[in-house]
Amino acid sequence: MELTVLGQDEAAAAVADSGCSTGSCGSTNDQMSDLPDAIREKVQNHPCYSEEAHHYFARMHVAVAPACNIQCHYCNRKYDCSNESRPGVVSELLTPEQAIKKTKAVAANIPQMTVLGIAGPGDPLANPERTFETFRGLSEEAPDIKLCVSTNGLALPESVEELSKHNIDHVTITINCVDPKIGAQIYPWIYWNNRRIRGEKGAAILIEQQQKGLEMLVERGILVKVNSVMIPGVNDEHLKEVSRIVKSKGAFLHNVMPLIAEEEHGTFYGVMGQRGPEPEELQDLQDDCAGDMNMMRHCRQCRADAVGLLGEDRGEEFTLDKIEAMEIDYGAAMKTRAVVHAGIMEELDEKQAKRERLAAASVPDAQGLVDTRPVLMAVATSGGGLINQHFGHATEFLVYEASPNGVRFIGHRKVDQYCIGNDTCGEKESALSGSIRSLHGCEAVLCSKIGFEPWSQLEEAGIVPNGEHAMEPIEEAVLAVYREMAESGALEEPVPAARAQQVSA
Amino acid sequence: MSLSIVDSCVNCWACYDVCPSDAIYQSAPHFLIDAKKCTECEGDYAHPQCATICPIEEAILDAGGVAMNPPGSLTGIPPEKMAEAMLEFQSR
């Protein structure tokens with residue numbers, strides 16, 4: 001996947017014309033290459049913005065912002081659960097002082113931690129004192145940590161001035177609509193000028209504030225990412241317009257995420273039976289919103305108190321009682337951190353250079369394939385851009401699309417682990433069928449190893465298991481498998497039934 | 001006259017921040033309203049601010065003990081639908 005600057009259609013088109021865009025000839029992880037240097041500098045070690053960087057750099061959220069100024073139909077303010085991983089959920093609320101201490105403790109113990117975000121559990125800017133006291137303290141005491149904030153945007157215009165004073169170079173605004181009629185189906189009310197304002201009237205104010213805030217941030221040179229929640233039947237079609245508008249106003253990235261709605265969450269959407277999108281629907285919308293460009297596809301929709309690498313949560317190691325007992329010498333920690341960060345950047349740069357060499361070499365291969373249909377493949381990887389994970393150990397699969405244009409990163413699919421290394425799990429079989437279900441639409445799965453049982457079940461499901469490319473770079477292996485499929489005549493077969501619906505859509 | 005906070009409160013601080021009379025204070029297991037300080041926002045605002053920002057139905061009662069935000073009024077979930085969902089979830 002490439003991370004493309006929104007609004008730079010011309011540059012992207014020029015690259016495409018040359019016959020080798022970075023995302024279509026092998027260097028799928030090279031998502032930073034199209035960004036202007038100034039932006040690239042700011043995001044290259046940000047785990048949330050790079051499929052590659054997130055294997056090396058860690059992030060954390062501190063839950064200092066409990067109050068909210070709006071209600072969203074996908075949120076339930078009563079929820080507090082340590083076993084769940086989704087936005088808005090949090091176990092332990094922190095005071096700014098505790099948050100600063102926790103951040104320094106994590107940064108000292110996990111030197112790869114580069115980014116501190118405030119994302120809730122309410123809205124950070126509806127808690128300006130708690131949020132800004134935390135940012136002020138960290139700007140002073142831990143200047144090597146990047147700060148970011150995620151907001152619904154209602155209080156954004158009045159906060160821009162204060163935001164621009166701190167070490168904040170990214171703001172995320174969740175924008176689900178630009179039409180109050182659609183907004184009224186997502187936001188039942190807002191708290192505005194000391195009143196609770198409902199329906200379209202409330203949604204109209206929220207939308208106006210979001211757009212105004214976006215423009216003000218862009219004017220001040222603060223990077224803006226826009227998050228949108230895809231709600232099938234409510235805003236799915238509409239998000240294409242949202243994408244076009246926020247792009248034209250200067251947002252540098254648009255992240256379309258799937259609605260999470262389960263009855264047991266007690267949210268409006270969960271209880272009322274609103275479904276989330278199927279992976280294929282999400283992918284189609286992301287493709288449509290992106291136009292010629294790629295979007296952010298590896299967002300893991302973290303908890304408001306997540307700690308560690310993306311997709312993992314080490315929050316348990318840093319509970320309040322544990323950090324109270326820690327003695328942190330942050331001056332010493334900063335020196336260690338600088339060395340660790342430089343080492344990671346060096347490693348990433350080396351990988352990048354290697355990919356560029358491979359990419360140049362792999363172009364003729366891809367070009368040899370004419371008019372073959374695109375194929376989705378799933379990959380089990382624990383990072384480093386290699387196929388290096390056992391099928392049964394994968395907690396998620398990365399999905400790539402191979403076509404005559406080359407290989408591109410499409411997104412990730414979460415799975416329940418079916419193998420935990422012993423036989424104590426009685427639900428092994430059903431969990432395996434769960435991981436197979438999550439691969440819906442994929443025609444092959446590439447992993448380092450795979451057991452006999454899943455092998456035969458995958459084949460039954462029409463997915464070809466492949467363990468022949470262990471430890472090889474992902475894009476090369478996907479392209480090799482695609483070539484094998486083309487040569488064996490598999491691509492002349494019609495698209496398997498499971499995928500047909502999506503392709504015709 | 002005073003409003004009161006009851007145990008469905010989730011301690012989100014929203015009311016604490018908007019009370020014009022500093023009548024709301026942190027307590028365990030949940031925030032409380034100092035009846036001596038609460039004015040029900042009379043003279044300050046058209047509507048009591050705590051009940052206007054509170055996201056939790058039935059968490060704030062008026063002086064007569066009646067919920068300011070009755071079931072379904074904030075989430076939009078019809079109470080019978082919510083009861084049905086909870087029943088089904090518990091029976092799983």
Side-chain angles (χ1 to χ4, degrees), chain A residues 63-80 88-90 92-95 120-123 125-131 154-155 184-199 202 261-274 304, chain B residues 5-21 24 26 28-31 39-60 68-92:
Chain A
V64 295
C68 198
N69 47 11
I70 68 173
Q71 175 71 50
C72 303
H73 273 329
Y74 43 75
C75 180
N76 174 2
R77 299 307 318 279
K78 286 187 190 169
Y79 232 77
D80 170 20
V89 173
V90 58
E92 197 170 44
L93 199 65
L94 305 177
T95 63
D123 184 77
L125 304 182
N127 303 258
E129 286 173 22
R130 290 178 281 269
T131 295
L154 183 62
Q185 299 171 58
I186 303 170
Y187 308 104
W189 56 264
I190 67 168
Y191 174 83
W192 177 252
N193 285 346
N194 306 99
R195 288 169 189 271
R196 203 189 303 265
I197 300 179
R198 297 171 189 267
E262 300 292 339
E263 192 176 40
E264 57 266 35
H265 295 160
T267 60
F268 176 88
Y269 286 144
V271 172
M272 302 304 276
Q274 168 67 50
Chain B
I5 298 175
V6 295
D7 59 6
S8 47
C9 167
V10 297
N11 297 300
C12 81
W13 291 77
C15 59
Y16 176 91
D17 291 343
V18 299
C19 176
S21 314
I24 298 174
Q26 201 182 4
H30 56 77
F31 281 75
T39 61
E40 300 188 15
C41 292
E42 263 190 48
D44 287 306
Y45 299 104
H47 306 281
Q49 290 302 292
C50 55
T52 302
I53 199 168
C54 180
I56 305 296
E57 292 159 355
E58 300 182 280
I60 297 184
M68 305 277 292
N69 297 300
S73 64
L74 299 183
T75 59
I77 305 171
E80 60 279 7
K81 188 87 188 167
M82 190 62 162
E84 206 177 286
M86 288 305 112
L87 211 63
E88 194 192 311
F89 179 55
Q90 280 159 11
S91 68
R92 274 188 214 168

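Side chains included, hydrogens not; waters and symmetry mates left out as well; all remaining heavy atoms used. Predicted model only: the values in this text are computed from it and were never measured. Note on naming: letters A, B, ... go to the chains in the order of the sequence lines (proteins, then strands), and numbering restarts at 1 for each one.
The line from OH of Y269(A) to CD1 of I77(B) is 11.5 Å long, rounded to the nearest 0.5 Å. A distance of 4.0 Å separates CG in D17(B) from CZ in R130(A), rounded to the nearest 0.5 Å. In this structure, N127(A) CG and Y16(B) OH are separated by 12.5 Å, a value rounded to the nearest 0.5 Å. In this structure, CD1 on I53(B) lies 12.0 Å from CD on Q71(A), to the nearest 0.5 angstrom.
Looking at A46(B), the atoms closer than 4.5 Å to chain A (heavy atoms on both sides) all sit in the side chain, from C-beta outward. With a 4.5 angstrom heavy-atom cutoff, D44(B) does not touch chain A via any of its atoms. For A65(A), no part lies near chain B; criterion is any non-hydrogen pair under 4.5 Å. Neither the backbone nor the side chain of C72(A) comes within contact range of chain B, judged by heavy atoms closer than 4.5 Å.
Heavy-atom minimum distance, H73(A) versus T75(B): CE1-O, 3.2 Å. Across G266(A) and M82(B), no two heavy atoms sit closer than the pair O-CE, 3.9 Å.
Across K81(B), E84(B), M86(B), the residue that shares the most heavy-atom pairs under 4.5 angstrom with chain A is K81(B). For the set T52(B), N11(B), V18(B), the count of heavy-atom pairs under 4.5 angstrom toward chain A peaks at T52(B).
No side-chain donor-acceptor contact under 3.5 Å links R195(A) to the backbone of H47(B). Although no hydrogens or angles enter the test, the distance criterion places a donor-acceptor pair under 3.5 Å between the side chain of Q49(B) and the main chain of N194(A).
Under the side chain to side chain contact (heavy atoms under 4.5 Å, CB included) criterion, C54(B) pairs with I56(B), A59(B), I60(B), N69(B), not counting sequence neighbours. In terms of the ring pair (Phe, Tyr, Trp, His ring centres under 6.0 Å) criterion, Y191(A) has no residue partners (sequence neighbours excluded).
Counting non-hydrogen atoms of neighbouring residues, nucleotides and ligands closer than 6.0 angstrom, the CD atom of E80(B) exceeds 12 such neighbours.
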